[in-house]
Protein chains: 2
Amino acid sequence: MNIKEASEKTGVSSAAIRYYEKESLIPAIDRTPVGNRDIDDRIIRRIRFVTQMRSAGMSIENLRRYIELFDAQEDNTKEQKALLKEQLAVMEEKRDDLQAAIDHLNYKLNHFYDHMESTEAELRALEKEHAEKVDHQEKAPDDGFY
Amino acid sequence: MNIKEASEKTGVSSAAIRYYEKESLIPAIDRTPVGNRDIDDRIIRRIRFVTQMRSAGMSIENLRRYIELFDAQEDNTKEQKALLKEQLAVMEEKRDDLQAAIDHLNYKLNHFYDHMESTEAELRALEKEHAEKVDHQEKAPDDGFY
DNA sequence: CCTTGCCTTGAAGTACACATGAAGGTTTAA
DNA sequence: TTAAACCTTCATGTGTACTTCAAGGCAAGG
């Protein structure tokens, strides 16, 4: 498939696909005799992988290092393991930050209900949760920003 | 406390704190008689909140909108809820992407062990996990990129 | 009095991750 | 054969989120 089709399939712009190839986030793409990119499913999968990691907040630079390690054939496993573990720690910390922020937003959402919209059922649900999370609520701060 | 102390306390640069104030991500900061910022714990909490949301991928623009709604006295809870839910969805997707990446990386780490370093215990742990995750492994793709 | 070290504002510079534009090549369709 | 609709590379532009710089003020120590 050509780059436009790949773009439509992945939701990544043609320019971004070219950029990813240039930055080695995806492998070198085969060309047709006239020089156009001919993109197969393996590339599509890689583009989707890049999208996922980017969406999760990984920088191009880190992502390239990660993929280099992933693709490496040589048996430099010691360094690879070290770098992968480092990367893993970064990602786990980010995930935990994200989870903390999600918890915060959920708390907020559940504890400021809209009088205009709340149905009986919603109110009951809120009250139930409120009862369950008293200790959590106790920790809630003065101004709502921790 | 002065801006430098606040910076050290939060890990956010002085310039960034000034920037956040200018962009209304944190409230206007009180000044000493000579005009220097005098930062209290309420501001510190807000800075930390901003840091967390930024780290979670919220843009300055969205964050400002969110905080404006938050601080508003009018009963605009309907909009607030909408904005919160929107942001929550974004963050949950990011978290799931990150988790997928973490799983991916853990899989990689566990299946290319270093002959030079593995202890008996580590090997047993890997084998155990391997046995537990057969179905997951079955789904592992050709090139490892989904 | 002068240096050190903090602070201020405002303007300008920087890094990242693309987006856009210029100049040109190929293929299909009227 | 001429236009449309793709494509290529290379260069330059853009938005975001700061960072850095310039010019200067205030307070303490030597």
Side-chain angles (χ1 to χ4, degrees), chain A residues 1-40 43-44 46-68 87 90 94 97 101, chain B residues 1-40 43-44 46-68 87 90 94 97 101:
Chain A
M1 92 192 69
N2 67 24
I3 200 170
K4 203 193 183 201
E5 289 164 328
S7 168
E8 281 158 5
K9 208 163 178 179
T10 59
V12 176
S13 74
S14 299
I17 293 174
R18 292 194 192 98
Y19 174 74
Y20 289 163
E21 188 190 12
K22 202 171 162 191
E23 297 296 320
S24 304
L25 268 57
I26 56 180
I29 302 172
D30 289 342
R31 305 307 170 105
T32 64
V34 40
N36 292 3
R37 286 173 181 79
D38 187 14
I39 297 176
D40 60 18
I43 302 293
I44 294 292
R46 293 254 184 161
I47 292 169
R48 294 215 166 107
F49 174 77
V50 169
T51 306
Q52 205 171 24
M53 301 296 265
R54 294 279 307 119
S55 150
M58 194 180 289
S59 70
I60 297 289
E61 175 64 21
N62 273 343
L63 193 42
R64 182 176 38 225
R65 292 196 337 154
Y66 172 77
I67 287 171
E68 266 168 28
Q87 191 63 58
V90 169
K94 217 169 165 58
D97 278 357
Chain B
M1 89 192 69
N2 67 23
I3 200 169
K4 202 190 185 204
E5 290 165 327
S7 168
E8 282 158 5
K9 209 164 178 178
T10 59
V12 176
S13 75
S14 299
I17 293 174
R18 292 193 193 99
Y19 174 74
Y20 289 162
E21 188 190 15
K22 203 170 162 192
E23 296 297 319
S24 305
L25 267 56
I26 56 180
I29 301 173
D30 290 342
R31 305 307 172 107
T32 64
V34 27
N36 292 3
R37 286 173 183 79
D38 186 15
I39 297 176
D40 60 18
I43 302 292
I44 295 291
R46 292 253 184 162
I47 291 169
R48 294 213 166 109
F49 174 77
V50 169
T51 306
Q52 199 173 25
M53 299 301 262
R54 293 280 308 118
S55 150
M58 192 185 284
S59 70
I60 296 290
E61 174 64 21
N62 272 343
L63 195 42
R64 181 175 41 225
R65 292 195 331 156
Y66 171 74
I67 288 171
E68 266 167 28
Q87 190 58 43
V90 169
K94 272 178 196 293
D97 281 354

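Values below: every heavy atom of this structure, side chains too, minus hydrogens, waters and symmetry copies. Throughout, protein chains are lettered first and strands after them, A, B, ... in sequence-line order, and every chain is numbered starting at 1.
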Enquirer: Between CD1 of B/I26 and CD1 of B/I47, what distance do you get to the nearest 0.5 Å?
Expert: 4.5 Å
Enquirer: Whole angstrom is fine here: how far is it from CD1 in B/I3 over to P in C/dC7?
Expert: 7 Å
Enquirer: Of the non-hydrogen atoms in B/K9 and B/R48, which two are nearest, and what is the gap between them?
Expert: O-NH2, 3.0 Å
Enquirer: Report the distance from atom CG of A/L63 to atom C1' of C/dC16, rounded to the nearest whole Å.
Expert: 14 Å
Enquirer: Roughly how far, to the nearest 0.5 Å, is the OG atom of A/S14 from the CD atom of A/E5?
Expert: 10.5 Å
Enquirer: Atom CG of A/N2 and atom C1' of C/dT26: how far apart are they, to the nearest Å?
Expert: 13 Å
Enquirer: B/R31 side chain N/O closer than 4.0 Å to the phosphate oxygens (OP1, OP2) of C/dT9?
Expert: yes
Enquirer: Given atom CE of B/M1 and atom P of C/dC6, what is their separation to the nearest angstrom?
Expert: 16 Å
Enquirer: Are A/F49 and A/L25 side-chain neighbours, meaning at least one heavy-atom pair lies under 4.5 Å?
Expert: no
Enquirer: Under 3.5 Å, is there a donor on one side chain and an acceptor on the other for A/S55 and B/D97?
Expert: yes
Enquirer: Roughly how many Å is it from NZ in B/K4 to P in C/dC6, rounded to a whole number?
Expert: 4 Å
Enquirer: Could you tell me whether a side-chain N or O of B/E21 sits under 3.5 Å from a main-chain N or O of B/I29, the two making a donor and an acceptor?
Expert: yes
Enquirer: Let me spell it out: for each of A/K22 and A/E5, pick the nucleotide of DNA chain D with the closest heavy atom. Which residue's pick is nearer the 5' end?
Expert: A/E5
Enquirer: Nucleotide range of DNA chain D contacted by chain A, 5' to 3', under 4.0 Å to a heavy atom?
Expert: D/dC6 to D/dT9
Enquirer: Hey, is the main chain of B/D38 close enough, under 3.5 Å, to the side chain of B/T32 for a donor-acceptor pair?
Expert: no
Enquirer: Taking only nitrogen or oxygen atoms into account, show me every contact under 3.5 Å that the protein makes with nucleotides 17-23 of chain C, one pair per line with its distance.
Expert:
unit_1: C/dA17; atom_1: OP1; unit_2: A/I60; atom_2: N; d: 3.1
unit_1: C/dC18; atom_1: OP2; unit_2: A/Y20; atom_2: OH; d: 3.2
unit_1: C/dC18; atom_1: OP2; unit_2: A/R54; atom_2: NE; d: 2.9
unit_1: C/dC18; atom_1: OP2; unit_2: A/R54; atom_2: NH2; d: 3.4
unit_1: C/dA19; atom_1: OP2; unit_2: A/S13; atom_2: OG; d: 2.5

Enquirer: Distance check, rounded to the nearest 0.5 Å: B/K94 atom NZ versus B/M58 atom CE?
Expert: 10.5 Å
